[in-house]
Amino acid sequence: MNDADVSKQIQQMVRFIRQEAEEKANEISVSAEEEFNIEKLQLVEAEKKKIRQEYERKEKQVEVRKKIEYSMQLNASRIKVLQAQDDLVNSMKESASKELLNVSRDHKNYKRLLKDLIVQSLLRLKEPSLLLRCRKEDVHLVESVLDSAKEEYAKKAKVHSPEIIVDNIYLPPAPSKNNIHDRSCSGGVVLASRDGKIVLENTLDARLDVAFRKKLPEIRTSLFGQIAA
């Protein structure tokens, strides 16, 4: 083989190696570009996912805040409604309390009422000896009906007439503009056993409180309607 053939063969080998290198380089380049695109896509999707998660988190926070704010406003509204209802009911009770003052002003009927209250108290206590307390302005009326009240009680209970001492410590006076913030009593009596262990408050104010508590559900239904379960 002469030098020309050798040179020709070497050139062919060089072209082959160069072609193979170029093909390999192209493969590497294509592969690298594919990996880059895949990695870029993964990074983009990962960022998108983070953004969606952050948006969902903030959206939930907004919803929670909305619910809390709505609940607070609803509770505040309910409290205002309940307060308005209580104010109306209390104003009715205050009006009824003022009407009680008219009871004691009618001396004839009030005298009869005092007797009935004393008899009722005696029947409930059933004590042989008692202490009676009333308003200072009612002492003369109480003393005027005391004997007939004891007789009526003894007849109904079929017992001896009890001993009743009118206390010289009096119930508070009737409410007025001068004692609006002081303790007051619209009338009636308080009876107690002599040892003080049993006390029965049978004043007009106490009876109003009892009647009002019993009738309160009916009053609320009448004013505000039936409350849904």
Distance-only check: which donor-acceptor pairs under 3.5 Å involve side-chain atoms of residues 11-18, not counting sequence neighbours?
none

Practice problem: Test Cys185 against every option in Val190, Asp138, Leu171, Leu100 by the side-chain contact (heavy atoms from CB on, under 4.5 Å) rule and name the one that passes. | Solution: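 Per the side-chain contact (heavy atoms from CB on, under 4.5 Å) rule, the option paired with Cys185 is Leu171, out of Val190, Asp138, Leu171, Leu100.
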Side chain to side chain donor-acceptor pair (under 3.5 Å) against [X], all qualifying residues, sequence neighbours excluded:
X: Arg57; value: Glu54
X: Glu69; value: Gln73
X: Glu143; value: none
X: Tyr153; value: none

Quiz item: More than 12 non-hydrogen atoms from neighbouring residues, nucleotides or ligands closer than 6.0 Å to CD on Gln53, yes or no?
Solution: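 Result for CD/Gln53: enclosed.
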Quiz item: Of all heavy-atom pairs between Leu123 and Ala157, which one has the smallest distance, and what is that distance?
Solution: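 Answer, listing the atom of Leu123 first, then Ala157: CD2-CB, 4.2 Å.
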Quiz item: What closest approach, in Å, do Leu130 and Pro162 show between heavy atoms, and which atom pair accounts for it?
Solution: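 In this case the closest contact between Leu130 and Pro162 is CD1-CB, 4.1 Å.
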Exercise. Could you check Arg65 against Val62 for side-chain contact (heavy atoms from CB on, under 4.5 Å), going step by step and ending with a plain yes or no?
Key: CA-CA 5 Å; Arg65 283 197 294 267; Val62 171; 3.6 Å; yes
Using a 3.5 Å cut-off and no angle test, enumerate the donor-acceptor pairs between side-chain atoms of residues 22-38 and protein atoms at least two apart in sequence or in another chain.
unit_1, atom_1, unit_2, atom_2, d
Glu23, OE2, Gln19, NE2, 3.4
Asn26, ND2, Glu22, O, 3.2
Asn37, ND2, Glu33, O, 3.2

Practice problem: List the steps, then state whether side-chain contact (heavy atoms from CB on, under 4.5 Å) holds for Arg135 with Ser104. | Solution: CA-CA 11 Å; Arg135 300 185 305 179; Ser104 60; 3.4 Å; yes
Quiz prompt | Any residue meeting salt bridge (Lys or Arg N to Asp or Glu O under 4.0 Å) with Glu218, in chain and number order, not counting sequence neighbours | solution =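 Glu218 satisfies salt bridge (Lys or Arg N to Asp or Glu O under 4.0 Å) with Lys215 only.
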Are [Y] and [X] co-members of a hydrophobic cluster defined by side-chain heavy atoms under 4.5 Å apart?
X: Ile118; Y: Tyr110; result: yes
X: Leu132; Y: Leu200; result: yes
X: Val199; Y: Leu117; result: no
X: Val189; Y: Val139; result: no
X: Tyr170; Y: Leu141; result: no

Quiz item: Is there a side-chain contact between Leu101 and Pro175, using heavy atoms and a 4.5 Å cut-off?
Solution: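 The answer is yes; the side chains approach within 4.5 Å.
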Test of understanding: with side-chain contact (heavy atoms from CB on, under 4.5 Å), list the residues that count as partners of [X], not counting sequence neighbours.
X: Val64; result: Ile68
X: Pro128; result: none
X: Lys158; result: none

Quiz prompt | Sequence neighbours excluded, every pair satisfying salt bridge (charged side-chain N to carboxylate O under 4.0 Å, His left out) that has a member inside residues 98-117 | solution =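 Passing the test, one end in residues 98-117: Lys115-Glu152.
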Quiz prompt | Of all pairs that satisfy salt bridge (charged side-chain N to carboxylate O under 4.0 Å, His left out), the ones with a partner from residues 193-207, not counting sequence neighbours | solution =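 Passing the test, one end in residues 193-207: Glu163-Arg194.
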Quiz item: Between Asn202 and Leu191, does a side-chain contact (heavy atoms from CB on, under 4.5 Å) hold up when you go through it step by step?
Solution: CA-CA 8 Å; Asn202 216 358; Leu191 275 80; 6.0 Å; no
Quiz item: Between the side chain of Ser193 and the main-chain N/O of Ile198, is any donor-acceptor distance below 3.5 Å?
Solution: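 Between the backbone of Ile198 and the side chain of Ser193 there is a qualifying donor-acceptor contact (under 3.5 Å).
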Quiz item: To the nearest 0.5 Å, what is the distance between CD (Glu127) and OG (Ser121)?
Solution: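 Output value for this atom pair is 12.5 Å.
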